[in-house]
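Notes follow the structure.
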Amino acid sequence: MQEININKYVTFKPQDQWLTYQLDRCKIYTDHNNQAPAYCFAKKGIFCIFIAKKYIQQGGQVLVELLKHELAHGYFGHLRYMKGKVKDRQILNILFDCSIHVNAADHTVLQTVGNICTYESCNLPVLPPQLIYENLKQDKSFNQDMFIETHLHDELGKQKPISDLEHQ
C-alpha cells in the first residue's frame with residue numbers, strides 16, 4: 001500500500017471544496033491488489049483512507065463520493081465503535097453506512113461501485129445508528145447472520161478490531 005496525495009487526482013466542485021480542508025488531516029493510501037473499493041482505518045492515531053487505484057485513476061464524482069463516505073466515518077467517530085465482537089462491528093458498520101447515505105455521500109453515485117446500504121434498502125427507520133443497533137440487539141427475532149450476509153459490503157466491518165491505543 002502506498003501513500004498518495006489525493007489532490008493530484010481529483011478536482012472538487014464548489015459544493016465539495018470543503019473536502020480539501022478535511023483531506024489535509026488524513027492520509028490516503030492506494031494499491032492495485034486490494035479488492036475493496038474504499039475503507040478507513042486508524043494508523044498511529046491518524047485517520048487514514050484507502051481507495052483502490054482504479055477509482056483514483058477514474059477520478060470524477062465516484063471518487064469524490066468515496067472520499068465523502070470515508071470522511072464521514074471519521075467525522076462521525078465510527079471507528080471508535082470498531083471494537084469487540086466481529087458480528088457487532090459488522091452490524092454497526094452497516095448502520096453507519098446507512099446514516100452516511102442520508103446526506104453525507106450520494107448513494108446513487110456510489111451504486112456504480114457496488115451494493116450500497118441505505119435505511120430504505122435495509123428496511124430500517126431513519127434513526128441514529130446506535131439507537132437502531134440497541135433496538136436490534138433487544139429484538140429476539142433479529143437474525144444477525146442473515147442481516148450481515150445480506151447487507152455487509154464494506155471492508156471496515158470485516159477488519160480486525162482496532163487496538164486500545166488506536167481507540168483512544
Side-chain angles (χ1 to χ4, degrees), residues 1-83 86 88-119 121-122 128-130 132-133 148 151-163 166-168:
M1 215 167 28
Q2 70 181 55
E3 186 177 341
I4 62 162
N5 178 353
I6 195 67
N7 294 308
K8 292 180 180 179
Y9 299 93
V10 66
T11 303
F12 298 108
K13 295 177 182 175
Q15 70 269 19
D16 292 325
Q17 285 182 338
W18 63 272
L19 288 169
T20 59
Y21 298 101
Q22 299 305 314
L23 291 172
D24 279 351
R25 297 178 179 180
C26 63
K27 293 187 178 190
I28 311 281
Y29 293 92
T30 192
D31 68 28
H32 287 290
N33 302 325
N34 198 319
Q35 298 300 312
Y39 59 88
C40 56
F41 59 99
K43 183 177 181 182
K44 296 183 181 177
I46 297 172
F47 183 74
C48 302
I49 297 173
F50 169 86
I51 298 181
K53 191 73 159 188
K54 73 178 190 176
Y55 295 108
I56 289 175
Q57 291 171 337
Q58 176 183 332
Q61 199 58 33
V62 170
L63 177 57
V64 171
E65 295 303 325
L66 282 171
L67 289 167
K68 284 181 182 179
H69 177 99
E70 298 309 332
L71 279 171
H73 278 300
Y75 179 79
F76 293 120
H78 294 164
L79 288 181
R80 70 177 171 230
Y81 296 97
M82 293 296 112
K83 293 185 67 151
V86 172
D88 291 336
R89 292 192 331 259
Q90 291 172 328
I91 291 168
L92 277 167
N93 192 54
I94 293 164
L95 298 175
F96 291 148
D97 282 355
C98 290
S99 70
I100 285 171
H101 297 135
V102 169
N103 60 15
D106 188 341
H107 68 280
T108 58
V109 172
L110 291 176
Q111 290 290 359
T112 62
V113 172
N115 292 326
I116 301 298
C117 287
T118 64
Y119 286 118
S121 70
C122 292
Q130 295 89 338
I132 295 174
Y133 174 72
I148 292 166
H151 301 294
L152 184 65
H153 308 292
D154 190 316
E155 289 301 307
L156 178 64
K158 299 176 186 175
Q159 292 179 344
K160 64 180 181 163
I162 61 174
S163 70
E166 291 294 335
H167 182 72
Q168 294 173 6

Open item on the list: Are Gln130 and Phe96 packed together at the side-chain level, in the sense that at least one heavy-atom pair is separated by less than 4.5 angstrom?
Closed with: yes
Task: Side-chain heavy-atom pair Asp106, Val64 within 4.5 angstrom cut-off - done: no
- [ ] Any chance you could lay out the side-chain contact (heavy atoms from CB on, under 4.5 Å) test for Tyr55 and Thr30, step after step, and finish with the verdict?
- [x] CA-CA 10 Å; Tyr55 295 108; Thr30 192; over 6 Å; no
Open item on the list: Taking the side chain as everything from C-beta on, heavy atoms only, tell me whether Lys68 gets closer than 4.5 Å to Leu19.
Closed with: yes
Open item on the list: Apply side-chain contact (heavy atoms from CB on, under 4.5 Å) to residues Cys122 and Leu95 and explain how you reach the verdict.
Closed with: CA-CA 9 Å; Cys122 292; Leu95 298 175; over 6 Å; no
Open item on the list: Students often mix this up, so state it plainly: with edges at 30° and 60°, are the rings of His73 and His78 parallel, tilted or perpendicular?
Closed with: perpendicular
Open item on the list: Does any part of the side chain of Cys40, heavy atoms only, come nearer than 4.5 Å to the side chain of Leu79, both counted from C-beta?
Closed with: yes
- [ ] Give, for atom CD of Glu65 and atom CD1 of Ile116, the distance between the pair rounded to the nearest 0.5 Å.
- [x] 10.5 Å
TODO: Indicate the atoms forming the closest heavy-atom contact of Ile28 with Leu23, along with that distance.
DONE: CD1-CD2, 3.9 Å
Open item on the list: Does any part of the side chain of Asn34, heavy atoms only, come nearer than 4.5 Å to the side chain of Tyr29, both counted from C-beta?
Closed with: no
Open item on the list: One pair to check against side-chain contact (heavy atoms from CB on, under 4.5 Å): Ile6 and Ile56. What are the steps and the verdict?
Closed with: CA-CA 8 Å; Ile6 195 67; Ile56 289 175; 4.2 Å; yes
Open item on the list: I need the Glu3 CD to Lys43 NZ distance, nearest 0.5 Å.
Closed with: 7.5 Å
- [ ] Rounded to the nearest 0.5 Å, what's the gap from CZ on Phe12 to OG1 on Thr20? Could you check?
- [x] 6.5 Å
- [ ] Establish, yes or no, whether a centroid distance under 6.0 Å links the rings of Tyr81 and Tyr133.
- [x] no
Task: Aromatic ring proximity His69/His101, centre distance under 6.0 Å - done: yes
Task: Contact check, side chains of Asp16 and Gln61, non-hydrogen atoms, under 4.5 Å - done: yes
Open item on the list: Quick check for you: to the nearest 0.5 Å, what is the distance between Tyr39 atom OH and Ile49 atom CD1?
Closed with: 11.5 Å
- [ ] Starting at CZ of Phe47, measure out to CD of Gln22 and round the result to the nearest 0.5 Å.
- [x] 10.0 Å
Task: Derivation of the side-chain contact (heavy atoms from CB on, under 4.5 Å) call for Leu92 and Met82 - done: CA-CA 8 Å; Leu92 277 167; Met82 293 296 112; 4.1 Å; yes
Task: Non-hydrogen side-chain atoms of Pro129 and Tyr119 separated by less than 4.5 Å - done: yes
Open item on the list: Within the structure provided, determine whether Cys117 and Asn93 are in side-chain contact (heavy-atom separation under 4.5 Å).
Closed with: no
- [ ] Measure the spacing between CG of Asp31 and CG of Asn33 and express it to the nearest 0.5 Å.
- [x] 5.0 Å
